[in-house]
Number of protein chains: 2
Amino acid sequence: MDDEQLRLNNQVCFPIYSVSRLLTKAYKPYLDDMGITYPQYLVLMVLWENDGQTVNQISEKLLLNTNTVSPLLKRMEKANILERNRSSTDERIVIVNLTEKGWELKKKALVIPEKLLDILLARNVQLSEVLDLKDMLNEWIQILSDDNLNKSNTK
Amino acid sequence: MDDEQLRLNNQVCFPIYSVSRLLTKAYKPYLDDMGITYPQYLVLMVLWENDGQTVNQISEKLLLNTNTVSPLLKRMEKANILERNRSSTDERIVIVNLTEKGWELKKKALVIPEKLLDILLARNVQLSEVLDLKDMLNEWIQILSDDNLNKSNTK
DNA sequence: TGCGTTTATATCGTGTACGATACAAATATA
DNA sequence: TATATTTGTATCGTACACGATATAAACGCA
């Protein structure tokens with residue numbers, strides 16, 4: 001019976017969508033302390049690893065469009081977390097650099113991954129399970145971003 | 001080195017967040033045909049399974065706040081997909097019923113889960129892997145929604 | 001060298017999400 | 001039964017996401 005497939009319980013996408021939102025919510029108390037949001041936290045992780053990247057480089061690493069990242073960076077600039085400067089050699093490019101405050105936040109962030117993991121481990125989720133999940137999802141990212149690429153190519 | 005934990009590649013949450021967005025994007029062509037969005041598709045699945053539910057019942061099943069679902073339903077009412085009516089016995093309650101058009105959309109939706117699965121299976125993802133993932137995520141939903149509950153209780 | 005094309009970023013419009021808050025109806029209880 | 005409390009829904013403000021579009025700078029090439 002095809003009908004079965006349309007039940008919420010039988011879909012994979014709904015749990016992913018829900019867990020994504022619930023995880024963001026679980027992060028919230030820690031991020032509130034830092035005065036940032038979850039997407040802003042992602043931007044910081046990219047810059048902590050490698051400061052001075054362009055808007056394009058940041059949006060590619062986060063798999064987000066530049067028209068999502070642009071205003072996001074502007075809000076972070078307003079909050080004194082980073083600076084945006086046009087390249088002198090290529091006026092189209094905007095280079096993003098962390099401020100003192102942006103680097104300071106890294107110290108506060110160090111405990112976050114640990115805390116989140118603790119919640120799961122405390123509820124008998126195995127660490128190996130978490131790692132398997134990560135690998136599986138990274139595989140899906142490859143597939144799904146390839147798939148999106150194909151669509152825009154054939155247009 | 002604690003630093004390692006803060007790398008984008010070492011986080012579980014980022015892949016979940018990304019896959020969630022990429023899956024929604026993969027759904028998009030089919031949902032565009034139906035004139036709805038992904039969250040609206042979720043509402044429809046809830047109502048196809050059980051028509052005539054209240055705003056609260058719908059938002060609980062989708063794990064969304066009512067202040068997210070309320071405007072969502074209004075947009076769907078505007079698009080003639082459903083009707084909202086106050087209960088006569090309890091004036092606070094709004095009961096949501098599908099229209100003819102809302103039921104019609106179910107026929108178009110039947111192929112969607114299959115198509116999505118095909119993309120994954122075509123790329124050598126095992127069906128068992130998909131089912132494992134689903135179970136794992138449903139477990140996480142339990143944990144994370146409990147955790148959120150605890151926070152609001154202790155406040 | 002002039003001009004069409006590409007590239008990098010940003011703006012606009014629409015639709016979520018969600019915390020905080022509002023508000024009326026229903027319920028509980030003194 | 002009058003009033004405090006709870007319940008169900010909605011409004012408001014802020015921050016994403018993303019498709020469509022704009023725009024200026026850089027590039028390619030006749």
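Each chain gets a letter, A, B and so on, in the order the sequences are listed, and its residues count up from 1. Keep in mind that this is a model prediction, so the values were computed, not measured.
Put simply, the side chain of B/Met34 does not reach to within 4.5 Å of the side chain of B/Gln40, judged on heavy atoms. Contact of the A/Leu82 side chain with the A/Asn97 side chain is not registered, since no non-hydrogen atoms from C-beta on lie closer than 4.5 Å.
Proximity note for B/Lys74 (side chain, C-beta onward) versus D/dA10, C/dT9, C/dC18: the nearest is D/dA10. Here C/dC18 is the nucleotide among C/dA10, C/dC18, D/dT6 with the atom lying nearest to any side-chain atom of A/Arg21.
Note on B/Thr24: nothing from the nucleic acid sits closer than 4.0 angstrom, heavy atoms only. Nucleic acid contact for B/Ser20: none, since no nucleic acid atom lies under 4.0 Å from a heavy atom of the residue. Nucleic acid contact class of A/Ser87 (heavy atoms, under 4.0 Å, all strands): none.
Distances shorter than 4.0 Å separate none of the side-chain N or O atoms of A/Tyr38 from OP1 or OP2 on D/dA15. Contact between the side-chain N/O atoms of B/Arg75 and the OP1/OP2 oxygens of C/dT16 is found at a separation under 4.0 Å. Within the 4.0 Å cut-off from OP1 or OP2 of D/dA10, at least one side-chain nitrogen or oxygen of B/Arg84 is found. Note on A/Thr37: a side-chain N or O is less than 4.0 Å away from OP1 or OP2 of D/dC16. For the pair A/Tyr17 and C/dT16, the criterion of a side-chain N or O lying under 4.0 Å from OP1 or OP2 is not met.
Atom OH of B/Tyr27 is separated from atom P of C/dT16 by 16 Å (rounded to the nearest Å). In this structure, A/Gln53 atom CD and C/dT9 atom P are separated by 11 Å, rounded to whole Å. Nucleotide D/dT7 holds its C1' atom 9 Å from the CD1 atom of B/Ile93, rounded to whole Å. Regarding B/Ile95, its CD1 atom lies at a distance of 12 Å from the P atom of D/dA10, rounded to whole Å. Atom pair A/Asp32:CG and D/dA15:P shows a separation of 12 Å (rounding to whole Å applied). With rounding to whole Å, B/Ile36 atom CD1 is found 16 Å from C/dT14 atom C1'. Taking atom CG on B/Leu23 and atom P on D/dA17, their separation rounds to 15 Å, with Å as the unit. With rounding to whole Å, A/Asp90 atom CG is found 11 Å from C/dT9 atom C1'.
Considering B/Tyr38, B/Tyr17, B/Tyr27 as possible partners of A/Tyr17, the one that fulfils the ring-ring contact (aromatic ring centres under 6.0 Å, His included) test is B/Tyr38. The only member of B/Asn138, B/Leu133, B/Asp135, B/Ile16 that meets side chain to side chain contact (heavy atoms under 4.5 Å, CB included) when paired with A/Pro15 is B/Asn138.
Looking at A/Arg92, its side chain comes within 3.5 Å of the base of C/dT7 through a donor and an acceptor atom.
For residues 55-69 of chain A, proximity to DNA chain D is found at A/Leu64, A/Asn65, A/Asn67, A/Thr68, defined as any non-hydrogen atom under 4.0 angstrom from a strand atom.
For the pair A/Glu91 and A/Arg86, the salt-bridge criterion is not met [side-chain N within less than 4.0 Å of a carboxylate O].
A residue-by-residue look at A/Leu72 and A/Ser88 shows that A/Leu72 has its nearest nucleotide of DNA chain D further toward the 5' end. Across the interface with DNA chain C, nearest-nucleotide mapping of B/Met76 and B/Glu91 shows B/Met76 to be the residue nearer the 5′ end. Residue-to-nucleotide proximity on DNA chain C shows that, of B/Gln40 and A/Thr54, the 5′-proximal contact is made by A/Thr54.
Residues satisfying the salt bridge (Lys or Arg N to Asp or Glu O under 4.0 Å) criterion with B/Lys28, sequence neighbours excluded, are B/Asp32.
Between B/Tyr30 and B/Tyr41, the distance from one ring center to the other does not fall under 6.0 angstrom.
For NZ of B/Lys101, the number of neighbouring non-hydrogen atoms (other residues, nucleotides, ligands) closer than 6.0 Å is greater than 12.
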